[in-house]
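Before any comments, here is the structure.
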Number of protein chains: 2
Amino acid sequence: MGWRILQNRMPYHSDPLDLAFHALSDPTRRAVISRLADGEVPVTVLAEPFDIALPSFSQHLRVLEECGLIASEKRGRSRWCRLITPRFEEATDWMITERRRWAGRLDRLEAYLDKTEGKGHEG
Amino acid sequence: MGWRILQNRMPYHSDPLDLAFHALSDPTRRAVISRLADGEVPVTVLAEPFDIALPSFSQHLRVLEECGLIASEKRGRSRWCRLITPRFEEATDWMITERRRWAGRLDRLEAYLDKTEGKGHEG
DNA sequence: CAAACACTAAGGCAAGTACCTTATTTTTGT
DNA sequence: ACAAAAATAAGGTACTTGCCTTAGTGTTTG
């Protein structure tokens, strides 16, 4: 019945999935994720391929860190970043679950069509 | 070496993956995707659970449609929406590929540690 | 044909985003 | 102790988003 959602005004991205997908919607941040698959990397090295100012790049890292996709640790004067996988898994799981849902529906639809088509041929 | 990215200013979300993840970063839009797994639904029915004005809801549908996650068709006075799967698959594939990349790295790391640990025990 | 229905267009607003530049802080290396 | 390196803080600008309201445009239905 009336299962209302989002009754009151909320910040733009509030739940973890919102934050994760928002983080992944930027090519710079996706590239960072890709790069970190290889292991830990300090900020300057991570930033090197990108043609943006370091503070701008750091903001991207902050977005990734705040939504739990990466973690970082200061060692001496540089900060090392690494991937955190569970948040990424969460987002992936959402997508896979959705995909399974519509795949399941299409399977049932196909089964139904096969059956009715069969009856059509019989009748 | 200098594989520079994003040299010139670009619109916020330019490639299909940017658009898809951006679209998925909103809970209303994710709920629409979930709902459409069941099949085609007209806008008003789709909008019913949400406590926002219809024009606001329509904007969400537009975002989903413009990035290729849904399609819609006008029949009489209502517009029917349905899922479009390839764009969703694209995004899912990106995530699965990334996951495989770091899973692979962790496997190799584990193999390496096993080997060195083995040598350590032998020596 | 008029009223109701299902959107759609247009315009407005507060908040958020993605960049920037210019300090400032912290940590080496000499 | 001093200069260079690696961030970080602070503040600014242009654009985007997510909502709103009000006013249309077509499409049934009585």
Side-chain angles (χ1 to χ4, degrees), chain A residues 4-15 17-32 40-67 69-82, chain B residues 4-15 17-32 40-67 69-82:
Chain A
R4 297 241 116 59
I5 301 171
L6 287 176
Q7 310 248 21
N8 311 315
R9 195 66 84 86
M10 288 183 178
Y12 281 15
H13 301 289
S14 37
D15 88 76
L17 226 41
D18 294 7
L19 292 167
F21 282 126
H22 166 67
L24 294 174
S25 76
D26 183 279
T28 300
R29 291 191 293 254
R30 283 201 307 281
V32 167
E40 301 191 342
V41 185
V43 170
T44 316
V45 175
L46 211 49
E48 190 270 324
F50 301 97
D51 220 16
I52 62 177
L54 188 61
S56 310
F57 185 76
S58 279
Q59 277 183 326
H60 284 302
L61 294 182
R62 182 114 81 124
V63 170
L64 288 169
E65 191 157 4
E66 280 178 350
C67 79
L69 284 171
I70 72 171
S72 70
E73 186 190 6
K74 197 129 194 184
R75 293 187 202 142
R77 65 186 165 185
S78 59
R79 177 175 293 281
W80 291 70
C81 299
R82 65 185 175 82
Chain B
R4 298 240 116 58
I5 301 173
L6 286 177
Q7 311 250 20
N8 312 313
R9 196 66 84 84
M10 288 184 177
Y12 282 15
H13 301 289
S14 37
D15 89 75
L17 227 41
D18 293 7
L19 292 167
F21 282 126
H22 166 67
L24 295 175
S25 75
D26 183 279
T28 300
R29 291 191 294 254
R30 283 203 307 281
V32 167
E40 300 191 342
V41 184
V43 170
T44 317
V45 175
L46 211 49
E48 190 270 325
F50 300 97
D51 221 15
I52 62 177
L54 188 61
S56 310
F57 185 77
S58 279
Q59 277 183 328
H60 284 302
L61 294 182
R62 183 118 80 136
V63 170
L64 288 168
E65 192 157 2
E66 279 179 350
C67 79
L69 284 171
I70 73 171
S72 70
E73 185 190 8
K74 197 127 196 186
R75 293 186 200 143
R77 65 186 167 186
S78 58
R79 177 174 294 281
W80 291 70
C81 299
R82 64 185 175 81

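Protein chains get the first letters and strands the later ones, always in sequence-line order, with residue 1 at the start of each. Only heavy atoms go into these numbers, but all of them, side chains included; no hydrogens, no water, no symmetry mates. Because the structure is a prediction, the values reported are computed rather than measured.
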(request) Between D:dG18, C:dC20, C:dT17, spot the one nearest the side chain of A:His22, thanks. (result) C:dT17
(message) By the 4.0 Å heavy-atom rule, please label A:Arg75 as base, sugar-phosphate, or nothing.
(response) nothing
(request) Please report the shortest heavy-atom distance between A:Asp26 and B:Asp18, naming the atom on each side. (result) C-OD1, 4.4 Å
(message) Heavy atoms from C-beta onward define the side chain here; which of C:dA18, D:dC20, D:dG18 lies closest to that of B:Ala53?
(response) D:dC20
(message) Nearest whole Å is fine: how far is D:dT17 P from A:Leu19 CG?
(response) 17 Å
(message) Please give me the minimum heavy-atom distance between A:Leu46 and A:Leu61, naming the atom from each residue.
(response) CD2-CD2, 4.0 Å
(message) Contact between B:Arg75 and B:Glu40 at the side-chain level, heavy atoms closer than 4.5 Å - yes or no?
(response) yes
(message) Measure CZ/A:Phe50 against P/C:dC20 and give the value in whole Å, please.
(response) 13 Å
(request) Please report the shortest heavy-atom distance between B:Pro49 and B:Val45, naming the atom on each side. (result) CD-O, 3.8 Å
(message) At a heavy-atom distance below 4.0 Å, what parts of residues 54-65 of chain A sit against DNA chain C?
(response) A:Pro55, A:Ser56, A:Gln59, A:His60
(request) Evaluate the side-chain proximity of A:Phe57 to A:Pro55: yes if any heavy-atom separation is below 4.5 Å, no if none is. (result) no
(message) Tell me if a side-chain donor or acceptor on A:Ser25 pairs with a main-chain N or O of A:His22 at a distance below 3.5 Å.
(response) yes
(message) Heavy-atom nearest nucleotide on DNA chain C for B:Arg79 versus A:Ser25: which residue maps closer to 5'?
(response) B:Arg79
(message) I need the CG-C1' distance between A:Asp18 and D:dG18, as an integer number of Å.
(response) 13 Å
(request) Whole angstrom is fine here: how far is it from CD in B:Glu73 over to P in C:dA6? (result) 18 Å
(request) Report yes or no: does B:Arg29 contribute a side-chain atom to a donor-acceptor pair with the main-chain N or O of B:Ala23 at less than 3.5 Å? (result) yes
(request) Starting from P on D:dA14, measure out to CD1 on A:Ile52 and report it in whole angstrom. (result) 19 Å
(request) Please state how far atom CH2 in A:Trp80 lies from atom C1' in D:dA6, giving the value in whole angstrom units. (result) 13 Å
(message) Within the structure provided, determine whether A:Val43 and A:Leu54 are in side-chain contact (heavy-atom separation under 4.5 Å).
(response) yes
(message) Quick check: on DNA chain D, is the nucleotide nearest A:Val45 upstream (toward 5') of the one nearest B:Lys74, or the reverse? Name the residue that is more 5'.
(response) A:Val45
(message) Ignoring hydrogens, what is the shortest heavy-atom contact between B:Ser14 and B:Leu19? Give both atom names and the distance.
(response) O-CD1, 4.1 Å
Between protein and nucleotides 2-5 of chain D, what N or O pairs are separated by less than 3.5 Å?
| from | atom 1 | to | atom 2 | distance (Å) |
| --- | --- | --- | --- | --- |
| D:dA5 | O4' | A:Arg77 | NH1 | 3.3 |

(request) To the nearest Å, give me how far apart CZ (A:Phe21) and P (C:dG16) are. (result) 22 Å
